[in-house]
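Order of appearance sets the numbers: ligands from 1, and atoms from 1 within every ligand.
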Amino acid sequence: MNKILFKNVLAYFSDLSSKRISFYIDQSGKVNFLDSYDISSFEEVVEGEDLVIMPLLTDVHTHIRVPGQEEKEDIVSGSKAAARGGFGQIFTMPNTNPVVDNAYLVDYLISNINKNSVIKIYPVGAVSKNQLGEELSPLLEMKKSGAIAFSDDGKPISTNILRKALIYSKTFDGIIIDHPEDIVLSGNGVIHEGKISRAYGINSIPYTSEEVCVARDIALTRETRSRLHLAHLSTRHSLKYIEAAKEEGLNITSEVTVNHLIFNCENIPIFDTRFKVKPPFRDEEDMNELFIALKKGLIDVVCTDHAPHTLEEKELDYSEAPFGTPGLETAFAALYTYFVMKNKCNLEDIIKWMVVNPSKIFSLPVLELKNRSRANFFIFKKGKEFLVSPEMFFSKCKLSVFLNKTLYGFPLATFYNGNLVYKDKNFMKSVKQEI
Ligand SMILES: O=C1C[C@@H](C(=O)O)NC(=O)N1
């Protein structure tokens, strides 16, 4: 790689400080802070008052679909999508084919990741064998092979197995992630139960489908004194339980997706399968309350729940199409556009929700700009707008909920471990992307 000078850019750090600095990246990918410089000694100079350097984001909820569903996403496409979105580390969920429910498959996944990923991907192991909710998977063996946490995501963990998993995982400091949904209450529902479902007579998913599961999960966490992370909260009712649990001192953390902070059942096109997700988009009040809960620290993490499917599947009738939508590429840009630019939060908040808190909860490294270390950061330009189009996506699934919308804050370049893993074609024109 050429020597690249970043001149007087605004850099944000994980201690939530920010300052204007100049640095260069040398041929070995290492960052060198500078007090003074001679521009002529660099092959590329990046400068601009409006350029911002951010720590790499962490996504604790992604579906990379390996093994077995590589037509939806594989390690190359998924990791490039993550790099394009400013992520340096992501978790991949085990609801694959076969389900990642043993150490052999975790090993397989990690060797595939080591060969093909441009960023760090951590496998999440299934809590129950084949995600059937009947028999506990070998959690400790999977952890020894590199599973970062355990979940039956896509489905809730059955009550008996969750109780066993909480008791067992405590012995080796494992973390259980539950997808809170009572599948009997969800039934064959496809959207939120409310005004729209009633007006159109569409099978729907009530609030209680999530709420009763959140209450159950908290009760089991209290009994076992273990740790639990709740995935993709969608209703304001769940928040009351979480607030009480946190006040009680239980070790419960939770996440909300970027999309559930922006969309609700009334601001999305009806029967557009890009917006068919589980949990469904709820009411405007839920959407607003989720954001308030995040700001108050009741919800800890913002994730994508990047859930790619094939075009053929998403073109099925609304009732038949699978739940899920991609989100890695657009997550930061959407948060920046809808919240930072509207002064509802700032970049420090995003760093808390997508860098600091995921690292604390799951004991992950923080990947950020550090003098004399390999480059880990992404850079974006304030005020630069992008019209979201399918060509912008590295994910195999290009059916973004943001297609044809204008977003700001898209990364222009992402460096992971000293490598340039994403670069906009018009940025740093003399630098070649090697990965
Ligand atoms: O929980 C989930 C699972 C995911 C998937 O497609 O795997 N899609 C969703 O919308 N929600």
Checklist entry - Quick one: do K129 and E135 make a salt bridge, cutoff under 4.0 Å? => result yes
Let me have the donor-acceptor pairs involving side chains of residues 377-394, under 3.5 Å, with sequence neighbours excluded, atom names and distances please.
| residue | atom | partner | partner atom | Å |
| --- | --- | --- | --- | --- |
| E385 | OE1 | Y408 | OH | 3.0 |
| S389 | OG | E391 | OE1 | 3.1 |

Checklist entry - Looking at Y207 versus H192, is the centre-to-centre ring distance below 6.0 Å? => result yes
Checklist entry - For ligand 1, which atoms have a heavy atom of D305 less than 4.0 angstrom away? => result 11 (N)
Next on the checklist: Within the 4.0 Å heavy-atom shell around A307, which atoms of ligand 1 are there?
Outcome noted: 4 (C), 5 (C), 6 (O), 8 (N)
Checklist entry - Does even one non-hydrogen atom of R65 get within less than 4.0 Å of ligand 1? => result yes
Checklist entry - Going by heavy atoms, is G154 under 4.0 Å from ligand 1? => result yes
Next on the checklist: Under 4.0 Å, heavy-atom basis, I'd like to know which part of K276 is in contact with ligand 1: side chain, backbone, both or neither.
Outcome noted: neither
Checklist entry - Who gets closest to atom 7 (O) of ligand 1 by heavy atom: N259, T62, N95, T96? => result N95
Next on the checklist: Suppose I only count heavy atoms of H179 and a 4.0 Å limit; which atoms of ligand 1 are within that range?
Outcome noted: 1 (O)
Next on the checklist: To the closest 0.5 Å, what do you measure between CZ (R84) and CG (L412)?
Outcome noted: 8.0 Å
Checklist entry - Atoms of ligand 1 less than 4.0 Å from H309 heavy atoms? => result 6 (O)
Item to check | Proximity of K155 to ligand 1 by residue part, where a heavy atom lies under 4.0 Å | outcome: neither
Between side-chain atoms of residues 350-358 and protein atoms elsewhere (two or more places apart, or another chain), which donor-acceptor pairs fall under 3.5 Å?
| residue | atom | partner | partner atom | Å |
| --- | --- | --- | --- | --- |
| K352 | NZ | D349 | OD1 | 3.4 |
| N357 | ND2 | D300 | O | 2.9 |

